[in-house]
Amino acid sequence: MNNIKGIIFDLDGVLVFTDHYHYLAWKKMADSINCYFDEIINNKLRGVSRMASLDIILENYKGIPFTKEEKEALAFKKNEIYKDLLKKMTPDDVSRDVRDTLAELRKRGYKLSVGSSSKNAKFILKQVDLIDSFDAISDGTNITNSKPDPEVFLKGASFLGLNPQECAVVEDAYAGIDAAKAGNMLAISIGDATSYDKSDIKLTKFSDLLLYFK
Ligand code: BG6
Ligand code: MG
């Protein structure tokens, strides 16, 4: 790992756990249009952009297809509900394991960035008091193509002033592991993504990063 100078972290499912808030907000939106939605469908939305998530949900919608404007209104409505739920987040939503590991990696000289598809990433990082733990933040507000496209990670690397080959990515989603590989980066999996054979390193817990990055 001695060529690695920067580590880029996915947010949802790696640093914090917002899946359930996404679920509750999408569920409310889906119920309002009588569209079937459950936690299994919600799991397919990990790492997927807001509008692409809506398209996946609407695969179960049996009514007259929505126009582009109507779809934007549905996504907006979901996001308003989601943002309200995010307000409940506090620094206690970040584990000691995550907080201490990030601090130690920085102490060891690694540059750290967030690489998240979410347009709410900065709001979440502020809520949980993690915003100052990173040298850069690449998120849904600075990309046109969502994971599995590597754009969010390539921007993260460039915000850190590093080449992609000098960066590792930590991800919990298959789409994120694909994005890291497409960007020519070391792909490290945690959680669900550890069952994906494309990941280069599998973590049992977040602090295992300290075993690889000395
Ligand atoms: C990702 C989540 O981090 O962000 C996805 O894993 C979500 O589930 C995506 O759809 C976009 O989030 P937001 O906050 O911009 O709607
Ligand atoms: Mg994730």
Side-chain angles (χ1 to χ4, degrees), residues 7-30 37-59 71-89 93-95 98 113-128 130-131 134 137-153 155-156 168-181 183 185 187-196 198-199 202-203 206 209:
I7 310 173
I8 306 175
F9 296 88
D10 172 50
L11 176 64
D12 294 321
V14 172
L15 301 171
V16 293
F17 297 89
T18 49
D19 267 13
H20 192 60
Y21 292 147
H22 277 296
Y23 168 73
L24 292 174
W26 280 129
K27 177 74 179 148
K28 215 165 186 176
M29 185 286 302
F37 181 65
D38 61 19
E39 303 241 20
I40 295 163
I41 303 169
N42 193 57
N43 287 342
K44 292 191 202 164
L45 312 180
R46 283 200 195 121
V48 178
S49 74
R50 195 180 306 163
M51 291 312 286
S53 295
L54 178 62
D55 283 334
I56 293 172
I57 293 167
L58 292 179
E59 285 169 13
K71 286 210 276 186
E72 270 158 16
L74 291 173
F76 179 82
K77 179 169 160 184
K78 179 265 173 175
N79 196 49
E80 290 299 298
I81 303 166
Y82 180 58
K83 281 197 300 189
D84 253 1
L85 294 167
L86 290 180
K87 287 184 194 148
K88 292 187 195 169
M89 292 189 89
D93 284 300
V94 177
S95 70
V98 166
S113 173
V114 168
S116 166
S117 309
S118 174
K119 292 186 169 150
N120 295 298
K122 292 191 188 85
F123 181 77
I124 296 169
L125 289 165
K126 280 184 201 148
Q127 281 294 115
V128 301
L130 262 192
I131 196 117
F134 296 93
I137 291 159
S138 174
D139 65 16
T141 63
N142 60 256
I143 53 167
T144 11
N145 306 300
S146 186
K147 301 167 190 176
D149 189 284
E151 185 180 1
V152 75
F153 296 141
K155 292 256 166 72
V169 164
V170 185
E171 258 294 348
D172 72 310
Y174 280 43
I177 295 293
D178 284 335
K181 295 314 293 174
M185 298 173 177
I188 303 177
S189 58
I190 192 163
D192 275 9
T194 54
S195 38
Y196 195 21
K198 274 200 183 175
S199 70
K202 298 169 188 221
L203 301 179
F206 196 84
L209 284 169

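As the structure lists them, so they are numbered: ligands from 1, and atoms in each ligand from 1.
- Considering backbone and side-chain atoms together, Asn120 places an N or O closer than 3.5 Å to an N or O of ligand 1.
- Closest to atom 16 (O) of ligand 1 among all protein heavy atoms lies Arg50 NE, 2.7 Å.
- Atom OD2 is the N, O or S atom of Asp10 at the shortest distance from the Mg ion (ligand 2).
- The ligand atoms of ligand 1 that sit less than 4.0 angstrom from a heavy atom of Arg46 are 6 (O).
- Ion pairing of Lys147 with Asp178 is absent here, as no side-chain N (NZ or NE/NH1/NH2) approaches a carboxylate O to less than 4.0 Å.
- Summarising the local packing, NZ of Lys181 is surrounded by more than 12 heavy atoms from other residues, nucleotides or ligands at distances under 6.0 Å.
- Atoms of ligand 1 found under 4.0 Å from any heavy atom of Tyr82 (numbered from 1 in listed order, with element): 14 (O).
- The shortest N or O to N or O distance between Ser118 and ligand 1 is below 3.5 Å.
- Between atom 6 (O) of ligand 1 and the options Ala25, Gly47, Ser53, the minimum heavy-atom separation is to Gly47.
- Given atom 8 (O) of ligand 1, the protein heavy atom at minimum distance is Leu45 O, 2.8 Å.
- Near Ser116, meaning under 4.0 Å from one of its heavy atoms, ligand 1 places the atoms 3 (O).
- The backbone N or O of Val152 sits less than 3.5 Å from a side-chain atom of Ser138, completing a donor-acceptor pair.
- A donor-acceptor contact shorter than 3.5 Å links the side chain of Ser53 to the backbone of Ser49.
- With respect to the salt-bridge test (charged N to carboxylate O, under 4.0 angstrom), the residues Glu80 and Lys77 do not qualify.
- Residue contact check for ligand 1: Gly140 places no non-hydrogen atom closer than 4.0 Å to it.
- Here the rule is side chain to side chain contact (heavy atoms under 4.5 Å, CB included) with Tyr21, and of Asn120, Val16, Ile124, Leu85 only Leu85 fits it.
- In terms of protein heavy-atom proximity, atom 9 (C) of ligand 1 is nearest to Val48 O, 3.1 Å.
- By the 4.0 Å N-to-carboxylate-O rule, Lys88 lies too far from Asp93 to be salt-bridged with it.
- Looking at atom 3 (O) of ligand 1, its nearest protein heavy atom turns out to be Asp12 OD2, 2.6 Å.
- Remark: the backbone N or O of Thr144 is paired with a side-chain donor or acceptor of Glu151 at under 3.5 angstrom.
- Using a cut-off of 4.0 Å between Lys/Arg side-chain N and Asp/Glu carboxylate O, Asp84 and Lys87 are scored as salt-bridged.
- Closest approach between the Mg ion (ligand 2) and any N/O/S atom of Asp12 involves O.
- Asp172 contributes atom OD1 as its closest N/O/S atom to the Mg ion (ligand 2).
- Using a non-hydrogen distance threshold of 4.0 Å, Leu11 does not register as a contact of ligand 1.
- Distance from atom 15 (O) of ligand 1 to its nearest protein heavy atom, with residue and atom name: Lys119 N, 2.7 Å.
- Looking at Asn42 and Lys27, their side chains never come closer than 4.5 Å, going by heavy atoms from C-beta outward.
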